[in-house]
Asks: 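To start, I am sharing the structure in question, which I have written as structure tokens.
We count residues from 1, following the sequence as given. These figures come from a predicted structure and were not determined experimentally.
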Amino acid sequence: MAAKISWNNLNKLDSFKKLKTLKGAVSVAKALSDAAGEKRVAEFSIPMGGGLTYNYAAKQVNKQVLSLFKQLSKEAQLLEKFEALYNGEVVNTGEQRMVLHHLTRGQLGSDVVVDGVNKREFYLKQQKAIAEFAHEVHEGKLVNENGEAYTTVCQIGIGGSDLGPRAMYLALENWAKANNTFKMDAHFISNVDPDDAAAVLASIDLAKTIFVLVSKSGTTLETLTNQTFVNNVLKKAGLNPAKHMVAVTSETSPLASSPDYLAAFFMDDFIGGRYSSTSAVGGAILSLAFGPSVFERFLKGAAEADKTALEADITKNPALMDAIIGVYERNVQGYPSTAILPYSQALSRFPAHLQQLDMESNGKSVNRFGKKITYVTGPVIFGEPGTNGQHSFYQLLHQGTSIVPLQFIAFQKNQCGKDVTIQGSTSQTKLAANVVAQIVAFACGKDDKNPNKYFAGERPSSLIYGKQVTPESLGALLSHFENKVMFQGFLWNVNSFDQEGVQLGKVLAKTVLSGTMDGALKAYAGLLIK
């Protein structure tokens, strides 16, 4: 019989109280500089799936800290809570819903059946329907009103309907071109600012474009506004919008059976937008852009990483280790933010996706039961690809007054297979050298009599590395961070799967548009709305 799960605040856990006594107990500079440094780098590594490895040797942990991590994981019942989630218990307490994004890429536990529908089979059915549609487009069986093949796909969505799929597309675009799996050029329209849609539409051949409208409810104001903008431009060009639009929506939305779409693919209420890249939300545009087999490989990588998150031993569970280290840094060490630093141009928008994933999930100040909590929760997430970031905000990271934990992501090979040798080394070698140098510089610092050239060090970092950004490694990377955020939410005892914080502004915007506002709303509206 499964153990009864208890949902307790972090500060009520005995193991966390013990962990707090170890603040500042570990010098990462000393750990990496002494004779055991090389051994530590080898030992503090965990395979992630998808050909990736998570290394935490440059984090402020030792055997004593790791022992308390194990106790904390056990006391907080993190693996039991994950099991409850993937077996279909109502973990999203704010909306009284299950959380099923793991089912889009594999079966971790028992069948989850809702109203007689097996949800794993439902997600597979949507994946198959998208694959069949993509094949028809790629093979020229489905053409526009002029009998021409479609060459471009453009997603209309916002938030999780844009950030994740956009980041995944950009991550695989060069890989697909180098591996002859590139099928269609992809674009994205998200901002309700009309300049966004206008710029995208001006850059593409409208007659040969399929637009993917993503709206679960079919009522998202920004998305429907952009759809109307697109439809008007299509009509002015003499094109029938119904020949250029597909919908990704829920089965109960007004878009589901509308004749205004070439096809409709379905999602449900059990997958939040920021967790939807492995659902039809990401599946439609990625399958059209790269082919269904590439999307399937992406799902495979995510499933491999999901399985590592089941490991009871924290030293074999990368997402769990990353999560607890993050809570240790936030709640014990007192670090307020985390920088995501991918040394790969392919991951140029991955930090933006993680901003939403992390900050929308765990930016909460009440627990799962609506009670105020007295400790800090989710950190501020930001980032930029290296080496660009080195010439931007790294000054603050190295010598600023706040210590910012760092998460480096790096690969041994680029995607395009092209390079140049200058001063005895290739560009890719220089990129990798910069990663290594930054990790050591942040950890060990540099002594100097000139205060302006003094580096205190003790800036902790982790490294996720692999051979190359591929569909499998990208899927594993996505899964790792999704599971990390989940485990941290469990530890903080918050609901990581609702997002009430994005609603208030929407409601007040509608009040402004209706003209019924007063007070400050009316005053500010007078500044911007004429």
Asks: Are Trp175 and Val294 side-chain neighbours, meaning at least one heavy-atom pair lies under 4.5 Å?
Replies: yes
Asks: Considering only heavy atoms from C-beta outward, does the side chain of Asp162 approach that of Gln155 to under 4.5 Å?
Replies: no
Asks: With heavy-atom distances below 4.5 Å as the criterion, would you say the side chains of Val281 and Met267 are in contact?
Replies: yes
Asks: Can we say Arg105 and Glu482 salt-bridge, meaning some charged N sits less than 4.0 Å from an Asp/Glu carboxylate O?
Replies: yes
Asks: Quick one, Cys154 and Val212 - any side-chain contact, counting heavy atoms below 4.5 Å?
Replies: no
Asks: Who passes side chain to side chain contact (heavy atoms under 4.5 Å, CB included) against Ser348, sequence neighbours left out?
Replies: Leu170, Gln345, Pro385
Asks: Between the side chains of Arg297 and Glu472, is the shortest nitrogen-to-carboxylate-oxygen separation below 4.0 Å, so that they form an ion pair?
Replies: yes
Asks: Side-chain contact, heavy-atom cut-off 4.5 Å: Pro379 with Pro336?
Replies: no
Asks: Go through the steps to decide whether Gln356 and Glu360 satisfy the test side-chain hydrogen bond (donor to acceptor under 3.5 Å, both in side chains), and finish with yes or no.
Replies: CA-CA 5 Å; Gln356 184 195 19; Glu360 194 169 85; 3.2 Å; yes
Asks: Does anything in residues 258-270 form a side chain to side chain donor-acceptor pair (under 3.5 Å)? List the pairs, not counting sequence neighbours.
Replies: Lys119-Asp268, Tyr123-Asp268, Gln227-Tyr261, Ser258-Asp260
Asks: With a cut-off of 3.5 Å and sequence neighbours excluded, list every side-chain donor-acceptor pair involving residues 483-493.
Replies:
| unit_1 | atom_1 | unit_2 | atom_2 | d |
| --- | --- | --- | --- | --- |
| Asn483 | OD1 | His102 | NE2 | 2.7 |
| Asn483 | ND2 | Asp306 | OD1 | 3.1 |
| Asn483 | ND2 | Ser479 | O | 3.2 |
| Asn483 | ND2 | Ser479 | OG | 3.1 |
| Lys484 | NZ | Gln407 | OE1 | 3.0 |
| Gln488 | NE2 | Ala323 | O | 3.0 |
| Trp492 | NE1 | Asn331 | OD1 | 2.7 |
| Trp492 | NE1 | Val376 | O | 3.4 |
| Asn493 | ND2 | Asn9 | OD1 | 2.9 |

Asks: Are side-chain N/O atoms of Ser215 and Thr220 paired as donor and acceptor at under 3.5 Å?
Replies: yes
Asks: Quick one: are Ile210 and Val137 in side-chain contact, heavy atoms under 4.5 Å?
Replies: yes
Asks: Consider only side-chain N and O atoms of Thr315 and Asp313, and report whether a donor and an acceptor are under 3.5 Å apart.
Replies: yes
Asks: With a 4.0 Å cut-off on N to O distance, would you call Lys364 and Glu500 a salt bridge?
Replies: no
Asks: May I ask you to check whether Tyr169 and Phe290 place their ring centers less than 6.0 Å from one another?
Replies: yes
Asks: Working note: Asn11 + Thr374, criterion side-chain hydrogen bond (donor to acceptor under 3.5 Å, both in side chains); need CA distance, chi angles, decisive distance, verdict.
Replies: CA-CA 8 Å; Asn11 59 356; Thr374 57; 3.1 Å; yes
Asks: Could you tell me if the ring centre of Phe411 sits under 6.0 Å from that of Tyr465?
Replies: no
Asks: Taking C-beta and beyond as the side chain, do Thr53 and Ile464 meet within less than 4.5 Å on heavy atoms?
Replies: no
Asks: How are the rings of Phe350 and His353 set to each other: parallel, tilted or perpendicular (split at 30° and 60°)?
Replies: tilted
Asks: Cut-off 3.5 Å, side chains only: do Ser45 and Tyr56 have a donor facing an acceptor?
Replies: no
